[in-house]
Amino acid sequence: MNTDHEPGEFERRTAALLRDSAENLDGATRARLTRARAAALEPANRARSWLDFRYLAPAGAMAAAVLATVLIVGPGEHVAPVNDATNSALFDMDLLADADAFEIAQETDLEFIEWAAAQGELDGAGG
Amino acid sequence: MGTVTPSYCEGLALSAPKDETRRELNRFLADVERKAYRMARIALRHDDDALDAVQDAMLQLARRYAARPSAEWRPLFYRILENRIRDLQRRRMVRGKVMALLPWRRDEDGEARDPVAEAPDHGPGPADQVEGQNVMAALEAALAKLPGRQREAFLLRSMEGLDVAATAAAMGCSDGSVKTHYFRAVQALKAQLGEFWT
């Protein structure tokens, strides 16, 4: 309230005009203002807060730390896992590359080799 | 009541207000939103910009200052609103200067076009509009021609009905400055609107 100033006729008239113009806003503007007010008071708007700097800053620091670690430590020696299938494939490649070995493999009596290996184990155990 | 110091920056509650506070805040915003829109509209002469300014002021008040005593909301709200209005005016001015420098923005005479000067004037001059339904348009045009601080002081005191101290809090200046701005605004408006207005 204007406690320290007595408004004249001019001020009273302009004040009344201005207040009337505010009260008689068109419906579309009133509706937009109502929506704006609801949005301002809506707690769900906090969902945007994950974009706040206070969350982005630690995330950025973490990313920088990971990057620095990778750059400093480096990729290191990479030892590929080798399984039986890989070994078998490599053995087959050697066999194909070596013509003599291939022929020996074709002529070998696998049953004889298995019998000989078993005999060797028995001799070892008994001897 | 003295001026509100920047102490309102303390204890910022960057969260949505609690239910009871939200209801009270809703009542407060419903009370001020139309007047705030009119103030912003007079200063910015653009509907969407005015609405943006009011919405930003609402958001900032709700997010940052809801925890403050409700008695402080009004000057705080208008202070935020005026800051937002000034931001938009500055941005518009910079944009206008940049656009004026662009070669394809020059007219046939080679004169740089000034978007601010070319902004649509809402009707004839103030003195010609003080009849019938044009009275409000004349007042609005006259207010738009006032310096920002004078317009701010006049609107806060006359439309919002704030006293000198609350107006000073909203404007971030002394009581004496408010009285000076207000007095000059009244004199300028009387001069623009003509003697038959009174």
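Remember, predicted model here, so these are calculated numbers, not experimental data. By convention in this document, chain letters (A, B, ...) are assigned in the order of the sequence lines, proteins followed by strands, and residues within each chain are numbered from 1.
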A.B. asks: Atom CG in Asn24(A), atom CZ in Arg34(B): separation rounded to 0.5 Å?
C.D. replies: 8.5 Å
A.B. asks: Are the side chain of Arg19(A) and the backbone N or O of Lys35(B) linked by a donor-acceptor pair below 3.5 Å?
C.D. replies: no
A.B. asks: So what's closer than 4.5 Å to chain A heavy atoms on Ala50(B): side chain, backbone, both or neither?
C.D. replies: neither
A.B. asks: Tell me the closest heavy-atom pair linking Leu59(B) and Ala40(A), and the distance in Å.
C.D. replies: CD2-CA, 3.6 Å
A.B. asks: Looking at Gln55(B), Met159(B), Gln60(B), which makes the most heavy-atom pairs under 4.5 Å with chain A?
C.D. replies: Met159(B)
A.B. asks: Is Arg32(A) paired with Asp52(B) through a side-chain N to carboxylate O contact shorter than 4.0 Å?
C.D. replies: no
A.B. asks: Holding to ring-ring contact (aromatic ring centres under 6.0 Å, His included), I want the full list of residues that pass it with Tyr78(B), two or more places apart in sequence or in another chain.
C.D. replies: none
A.B. asks: When you compare the side chain of Val54(B) with that of Leu33(A), does any pair of heavy atoms fall below 4.5 Å?
C.D. replies: yes
A.B. asks: Is any side-chain heavy atom of Ser21(A) less than 4.5 Å from a side-chain heavy atom of Arg38(B)?
C.D. replies: yes
A.B. asks: Based on non-hydrogen pairs under 4.5 Å, which of Val186(B), Asn26(B), Leu155(B) is most in contact with chain A?
C.D. replies: Asn26(B)
A.B. asks: Does Arg37(A) reach the main-chain N or O of Leu29(B) with its side chain, forming a donor-acceptor pair under 3.5 Å?
C.D. replies: no
A.B. asks: Taking only residues two or more places apart in sequence, or in another chain, which ones meet Glu82(B) in a side chain to side chain donor-acceptor pair (under 3.5 Å)?
C.D. replies: none
A.B. asks: If you look at every heavy atom in Met58(B) and Ala36(A), which pair is closest and at what distance?
C.D. replies: SD-C, 3.9 Å
A.B. asks: Measure Leu143(B) against the heavy atoms of chain A and call it side chain, backbone, both or neither at under 4.5 Å.
C.D. replies: side chain
A.B. asks: Answer with side chain, backbone, both or neither: which region of Leu25(A) has an atom nearer than 4.5 Å to a non-hydrogen atom of chain B?
C.D. replies: side chain
A.B. asks: What is the minimum heavy-atom distance between Ser158(B) and Leu18(A), and which atoms define it?
C.D. replies: OG-CD1, 3.8 Å
A.B. asks: For the CZ atom on Arg184(B), are there more than 12 heavy atoms of other groups (residues, nucleotides or ligands in this structure) within a distance under 6.0 Å?
C.D. replies: no
A.B. asks: Look up atom CZ in Phe10(A) and atom CG in Leu193(B), then write down how far apart they are to the nearest 0.5 Å.
C.D. replies: 5.0 Å
A.B. asks: In the structure I gave you, are the side-chain heavy atoms of Tyr37(B) and Arg30(A) within less than 4.5 Å of one another anywhere?
C.D. replies: no
A.B. asks: CD/Glu140(B) to CG/Leu17(A) distance, rounded to the nearest 0.5 angstrom?
C.D. replies: 11.0 Å
